[in-house]
Amino acid sequence: MPNSATPTHCPYCALQCGMNLTPLQDGGVAVVERPDFPVNKGALCGKGRTAPAVLASGVRLNSPLVRSGGTLVPATWDEALDRIAEGLARTRTEHGPDACGVFGGGGLTNEKAYSLGKFARIVLGTSQIDYNGRFCMSSAAAAGMKAFGLDRGLPFPLEDIPKTGCVILVGSNLAETMPPSLRYFTELRENGGTLIVIDPRRTKTAEQADLHLMPRPGTDLALALGLLHLVVAEGRVDEEYVRERTAGWEDARAAAMAHWPEYVERITGVSVPQLREAVRLFCEPEHAMVLTARGPEQQAKGTDTVGAWINLCLATGRAGRPLSGYGCLTGQGNGQGGREHGQKADQLPGYRKLDDPAARRHVAEVWGVDPDSLPGPGRSAYELLDALGTDIKSLLLMGSNPVVSAPRAAHIEERIKSLDFLAVCDVVLSETAALADVVLPVTQWAEETGTTTNLEGRVLLRRRAITPPEGVRSDLEVMHELAARLGGEQGLEKGFPTDAEEVFEELRRASAGGPADYSGITYGRLAEENGVFWPCPAVPGTGDAEGSGDGAGSRDGAAASPAAETGSPAHPGTPRLFLDRFATPDGRARFVPVSYRAIAEEPDDEYPVLLTTGRVVAQYQSGAQTRRVDELNAAAPGPFVELHPRLAARLGAAEGDPVAVISRRGRAVAPARITTGIRPDTVFMPFHWPGEGRANTLTNPALDPTSRMPEFKACAVRVEAVKS
């Protein structure tokens, strides 16, 4: 074990905050500040500070488990791997390769995500692979691809935020979801800039705003269109920018002009004077940004909603310019990298499209297979889960807990139970793992080396700080061993190295020339430079893998990386996208005309209230790890229902009383939390807990037609007091 601190990154959200890990006498590690990392400069939230608690024996899994007589019991690794191989092989033989499903996670490293997509397509031969990032930022990704030709969460570093003039923050409570990032917005206001927060709740983030708009859940699209209408009506369109750098303005303009302010006020509940003030604050400074998060994205019209906010940026000349632009606040730790390298149903490494013949040829050559042998696109995440037990008979799941995190969760739990075979790789016995036939204990962040890509598009190196327990192996080892068992005499395991850096070297070649080009990035550079922004193509003659031109069609426009400053010919990476041109064939951004439409399930007499969901500061995602940390549980011990005093009075419910929230999909019960910081027509539940208070029992799986994102953020419910 090293005697000095190991620099690495937090295992949780997409900030990927830098931290140092120092060894302890008992074999564990302690988190120490790492002020040299520019994203958080040493600051950490409670989840990051307590992350080592999940490494403890008795918390994490230390041995494979197999089901025997209805119970999970310890087993050897050979026995567990043999069972998985037998289960998947039997399904493939009896029902065909597409009866085998693979489900990944936005917390997997780039190396694991890359290997998982490769494993599904060349070992199992299945098209049925997707991941839980589909539930996170897929609508923003789809809208970004339509408008800019490229999706990267933020097209600029976080350090640009304090230097702009105004930020519209849509549907993000970053004070709780990624607390270290709040300082950028505090600095923005200290520098004279303004913050507009759009959220149906008065969150801790909204309390920091200069202007807080509280729209009815599911009406963000109307709100964005109403603001664009006012931009046009008040003569605030940047006509020169629109003419020189965009296409499609006339159709988008016509669509927006159908959303006059009074009409938008009736839909959203946001007053016309507030709409006008938002336009003034956004348009008067020289620079401005719009940042979206799950609020507008987790809707059945999320792609159109994000597209409307992008249209607002384009019409005012606030994209592809310094200190301006549209960005998505990616949620999961490797949500960005996770959707770039092949674990998504329609993608190949480098953010290539699976149905693109040139992309198939390139990746197939790297993998040493026939392009025609690669299956086509498969089902999206919810559709894949919904097909379990019917079309999909067996499932290999890594790094996800859909029993808690999926919409219509009780139904998905039943679908999982109906499988012929389920294998789960995880660090803890999650609610989904508890249903498995085989559970494999795999290494976590401090026990392994690998890369992640944060919300800025900054590729980072996580370093191994401690040796994992004897009974624990990495996901890369799991795929290597399964490939050996399932590949017969083909020797497929040779294509699945167990060393993360070796996998990354292959990923570089596979991504070369793609939109997310990592070919100029090496582990050495990541260690020396505190991360490298993609696209970063290899430069011929430097010894890098073969690469191609800039996938973003843009220059950096910022200080070069240390490699460039020392005269190295290596590409410096691309902190800022689109400053010269967008990643479209003609270099112009695309306006996409969109019009308001209602949520999939509007309130009615039987279900008169709207439910929206989200996170709290002390828990993370499905809570599989954070719910095992005493300090975090003390701060957030369980679910609750946040409701307005007027609604509570109608129910006869007092603070802390149990209330039932009922939708067409099920019933959840949790204590009432009464606050004036929520709309009277809305209730809020956090989604971190299983059991009686599981919020996703209620949520609606209605899907966005483009992104296939479920409508987590708005559904019709009724609320009842629970009588003792």
Task: Residues forming a ring pair (Phe, Tyr, Trp, His ring centres under 6.0 Å) with Phe504, sequence neighbours excluded - done: Tyr523

TODO: Working to the nearest 0.5 Å, report the span between CZ of Arg189 and CG of Asp210.
DONE: 4.0 Å

- [ ] Answer yes or no: is there an ion pair linking Asp304 with Arg597, defined by an N-O contact shorter than 4.0 Å?
- [x] yes

Without placing hydrogens or testing angles, list every side-chain donor-acceptor pair under 3.5 Å for residues 147-156, not counting sequence neighbours.
residue : atom : partner : partner atom : Å
Asp151  : OD1  : Arg339  : NH2          : 3.1
Asp151  : OD2  : Arg339  : NE           : 2.7
Asp151  : OD2  : Arg339  : NH2          : 3.3
Asp151  : OD2  : Tyr351  : OH           : 2.4
Arg152  : NE   : Leu154  : O            : 3.0
Arg152  : NE   : Glu456  : O            : 3.0
Arg152  : NH1  : Trp534  : O            : 2.5
Arg152  : NH1  : Thr574  : O            : 2.7
Arg152  : NH2  : Leu154  : O            : 3.3
Arg152  : NH2  : Glu456  : O            : 3.3
Arg152  : NH2  : Thr574  : O            : 3.4
Arg152  : NH2  : Pro575  : O            : 2.7

Open item on the list: Test side chain to side chain contact (heavy atoms under 4.5 Å, CB included) on Leu228 and Met257; report intermediate values, then the result.
Closed with: CA-CA 8 Å; Leu228 183 53; Met257 295 314 288; over 6 Å; no

Open item on the list: Measuring from atom CZ of Phe135 to atom OG of Ser622, what distance do you get when rounded to the nearest 0.5 angstrom?
Closed with: 12.0 Å

TODO: Using the six-membered ring of Phe282, assess whether NZ or CZ of Arg318 lies under 6.0 Å from its centre and within 45 degrees of the ring axis.
DONE: yes

Task: Set of side chain to side chain contact (heavy atoms under 4.5 Å, CB included) partners for Pro38, sequence neighbours left out - done: Arg458, Asn530

Task: Nearest-0.5 Å distance, CZ of residue Arg508 to SG of residue Cys536 - done: 9.0 Å

TODO: May I ask you to decide whether Asp355 forms a salt bridge with Arg360, counting only side-chain N to carboxylate O separations under 4.0 Å?
DONE: no

Task: Residues that Phe103 engages under ring pair (Phe, Tyr, Trp, His ring centres under 6.0 Å), provided they are two or more places apart - done: none

Open item on the list: Between Arg615 and Glu176, does any NZ, NE, NH1 or NH2 come within less than 4.0 Å of an OD or OE carboxylate oxygen?
Closed with: no

- [ ] Before accepting this row, confirm whether a basic side-chain N of the pair Arg379/Asp130 lies closer than 4.0 Å to the acidic partner's carboxylate O.
- [x] no

TODO: Just jot down the side chain to side chain contact (heavy atoms under 4.5 Å, CB included) partners of Ala254, sequence neighbours excluded, or say none.
DONE: none

If you look only at distance, which donor and acceptor atoms sit under 3.5 Å apart when one is on a side chain in residues 244-253 and the other is two or more places apart or in another chain?
residue : atom : partner : partner atom : Å
Arg245  : NH1  : Gly320  : O            : 2.7
Arg245  : NH2  : Phe578  : O            : 2.7
Thr246  : OG1  : Val242  : O            : 2.5

Task: Distance-minimising heavy-atom pair for Gln298 and Lys713 - done: OE1-NZ, 2.7 Å

Open item on the list: I'd like to know if Asp586 pairs up with Arg590 as an ion pair, taking the criterion as any Lys NZ or Arg NE/NH1/NH2 lying under 4.0 Å from an Asp or Glu carboxylate oxygen.
Closed with: yes

Task: Residues in salt bridge (Lys or Arg N to Asp or Glu O under 4.0 Å) contact with Lys163, at least two apart in sequence or another chain - done: none

Between side-chain atoms of residues 286-293 and protein atoms elsewhere (two or more places apart, or another chain), which donor-acceptor pairs fall under 3.5 Å?
residue : atom : partner : partner atom : Å
His287  : ND1  : Pro322  : O            : 3.2
Thr292  : OG1  : Glu297  : OE2          : 2.7
Thr292  : OG1  : Tyr326  : OH           : 2.7

TODO: Sequence neighbours left out, what passes ring pair (Phe, Tyr, Trp, His ring centres under 6.0 Å) with Tyr241? Give chain and number order.
DONE: none

Task: Residues forming a side chain to side chain contact (heavy atoms under 4.5 Å, CB included) with Asn191, sequence neighbours excluded - done: Pro162

Would you list the atom pairs, donor with acceptor, under 3.5 Å between side chains in residues 305-314 and any protein atom, with sequence neighbours excluded?
residue : atom : partner : partner atom : Å
Thr305  : OG1  : Lys301  : O            : 2.9
Asn311  : OD1  : Val592  : N            : 3.4
Asn311  : ND2  : Val592  : O            : 2.9

TODO: Using side-chain contact (heavy atoms from CB on, under 4.5 Å) as the criterion, point out the one residue from Ile198, Leu213, Ile196, Val197 that pairs with Val170.
DONE: Ile198

Open item on the list: According to ring pair (Phe, Tyr, Trp, His ring centres under 6.0 Å), who are the partners of Tyr12, at least two apart in sequence or on a separate chain?
Closed with: Tyr620

Task: SB check Glu239 Arg243 (cutoff 4.0 Å) - done: no

